[in-house]
> 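Okay, here's the structure, questions in a sec.
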Amino acid sequence: MGEGGDRRRREEGSGRRQRKGGRREGMREGGRGRRKGGDFGRRGWGGESNLEFGFCNYQLTCFSRKLPTPPQPLHPTSDVIIFSSLQTNTPLCSSLPLSRFQITSPTHKKTVVMGSSGFSWKLKDHPKLPKGKTVAVVVLDGWGEANPNEYNCIHVADTPTMDSLKKGAPERWRLVRAHGTAVGLPTDDDMGNSEVGHNALGAGRIYAQGAKLVDMALETGKIYEEEGFKYIKECFENGTLHFIGLLSDGGVHSRLDQLQLLLKGASERGAKRIRVHILTDGRDVLDGTSVGFVETLENDLAKLREKGVDARIASGGGRMYVTMDRYENDWDVVKRGWDAQVLGEAPHKFKSAVEAVKKLREIPNTNDQYLPPFVIVDDNGKAVGPIVDGDAVVTFNFRADRMVMIAKALEYKDFDKFDRVRFPKIHYAGMLQYDGELKLPSHYLVSPPVMERTSGEYLVHNGIRTFACSETVKFGHVTFFWNGNRSGYFNRELEEYVEIPSDSGITFNVQPKMKAIEIAEKARDAILSRKFDQVRVNLPNSDMVGHTGDIQATIVACKAADDAVKIILDAIEQVGGIYVVTADHGNAEDMVKRNKKGEPLLDKNGNIQILTSHTLQPVPIAIGGPGLAAGVRFRQDVPDGGLANVAATVMNLHGFEAPSDYEPTLIEVVDK
Ligand SMILES: O=C(O)[C@@H](CO)OP(=O)(O)O
Ligand SMILES: [Mn+2]
Ligand SMILES: [Mn+2]
């Protein structure tokens, strides 16, 4: 299977993750459920099971994702329930605090919320820092720190606000790690991304993320023993196995080597007919690398065919134009994918996927990210792989945000987002479960990380009134990702999440200011209203425009983000509050692919190779504002601090100690 497995290497200097993507040397580049009462918010993982408790039956609503199987008797006097059958790969391990459960007695018709265990949502008061300050948490998306040069758009742009934070208070500005193992990715060659970045920022701990969990499941072969694989396997005898996902080695949403292993594993376990529906990347990897990735895949499929498996690429399209929309910004994107993948219909038809990608790239202004949809047809012009009744489908991306919409289309019987024309009866599994609240999809190959007790949930339990805002394309980042991949509120009365509609159907280099000012004005109003203790925003510009590879537009984007930060900081000044300004990963600070010496690389025509992806760079964090106690400064003893250290820091600024298992705070208070 070609280059499957753990074939990674690092190319120094490019600042981006580099994976070996295939055989060609030249191609690589680098919620919750119903609330039942109690004070646990709208948690969604839960299910119910009946337990014997003393002399009467109690109904237990479990607020964790894993339910004990089979239900164990509750110990009548103990204040901790021990479920020996709980799988230990959840952070909950085998001992669950009783206060995580709501116990209802049908006999007595009353609800007893047990809260006497060691676990409590109550945070300890910080010994030195006061409560009651408005804290603005600003996440600049894709804003890293790198050497100043012409390809560093943040450096080139006029960014007086961010510059003043850096130069103004050296004790209150530092860098933190935002990539690799610092955010739960498999290796330090992995660039950061929004999902893992916001997860770490919000959860305050480092969880093994989807990429790593899938690696482990493939390495041990456990993936083939789980329910998800068994479910799709039921179709192997009579149906086709379809894979849909992002074809690259970017490691942000998916990885080619994981697809390769899955193709091999499935064919060895009886899949006789396989169709792959590819989405070309050009965002997490260099534009133009799609051709090489498709060649690699074709080579793998040819080898499978030699072994008697009927394996082919069936359809394709660029990730930003076909299938991978997010946060319901533009359902047409998903529809274009549906038409090609399920109905076998697309404006472009080709006999081979390599030819398709090469030809479609010749269309003016088309690139890997935006390739139009195509289907592969046989000699009679008939699509080779529409999805039909009795087939199995796997979406092989591990990252959630851009898979939720297609998962809905594939799974929901009732669906009104577009006309599906045909809704095939299939066995569908995600690589992971993408939305814990919606339990979507219901079948999946690998269990996602279980992120419990995030800072947002703690703070709400401690009365912190929270406002979160971004525009559509990043809205889920400061809500869903921040809260551990859970949609919805913890407590509707204390939280308000505002989404500003993004422009859709455009590439953001034509609108580099995006909605930065609108987001900042919403944040300003929330701060000035004094109705909130925490006002949290994501400013998308440097990331979204950086991904277009348009350097001039990215410079404008960085300035717009800086202007937005100023609006928020001015409001914090007015109310005597505190600000925390940071980022989730790098992007706009380096827009060129570099060699090992760090020099820009040129293509064969002598043009620089534009880098559209995120980076491995650290990101800044700055704190300040009139509400910040005089002696607060960054500690010197967490030099390797990363995004996961930010949650404890923010909790301190709200006047609380962080829970003991959180990554340590970045700040200390010295007597002044
Ligand atoms: O656009 C995306 O999906 C990723 C890059 O693949 O960017 P971010 O992690 O910043 O959302
Ligand atoms: Mn991001
Ligand atoms: Mn990005």
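All ligand and atom numbering here is 1-based and tracks the order in the structure.
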> I'd like to know whether the aromatic ring centres of His277 and His242 sit less than 6.0 Å apart in this structure.
yes

> Please work out whether the ring planes of His198 and Phe481 are parallel, tilted or perpendicular, with thresholds of 30° and 60°.
tilted

> Determine how many protein N/O/S atoms sit closer than 2.8 Å to the Mn ion (ligand 3), leaving waters out since they are not shown.
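For the Mn ion (ligand 3), the figure is 4.
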
> Which residue pairs satisfy the salt bridge (Lys or Arg N to Asp or Glu O under 4.0 Å) criterion with at least one member in residues 540-554, sequence neighbours excluded?
Lys474-Asp543

> Is the ring centre of Phe415 less than 6.0 Å from the ring centre of Trp338?
no

> Which N/O/S atom belongs to Asp584 and is the closest one to the Mn ion (ligand 2)?
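Minimum-distance N/O/S atom of Asp584 relative to the Mn ion (ligand 2) is OD2.
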
> Can a cation-pi geometry be assigned to Arg336 and Tyr321, taking NZ or CZ under 6.0 Å from the six-membered ring centre and within 45° of the ring axis?
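Yes, a cation-pi geometry.
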
> Which of these passes side-chain contact (heavy atoms from CB on, under 4.5 Å) with Leu539: Val581, Ile517, Asp562, Leu140?
Leu140

> Please collect all side chain to side chain donor-acceptor pair (under 3.5 Å) contacts where either partner lies in residues 150-160, sequence neighbours excluded, each pair once.
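Sorted pair list: Thr159-Asp163.
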
> side-chain contact (heavy atoms from CB on, under 4.5 Å) with Val322: which of Thr280, Val334, Ile278, Leu279?
Leu279

> Is there a side-chain contact between Leu569 and Thr161 in this structure, where contact means two heavy atoms from C-beta onward sitting under 4.5 Å apart?
yes

> Can you pull the residues with any heavy atom under 4.0 Å from ligand 1?
Asp141, Asn193, Ser194, Val252, His253, Arg283, Asp284, Arg319, Arg326, Arg399, Arg402, Lys474, His477, Asp543, His547, His585, His614

> Between the side chains of Asp287 and Gln369, does any donor sit under 3.5 Å from an acceptor?
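Not at all, the side chains of Asp287 and Gln369 share no donor-acceptor pair under 3.5 Å.
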
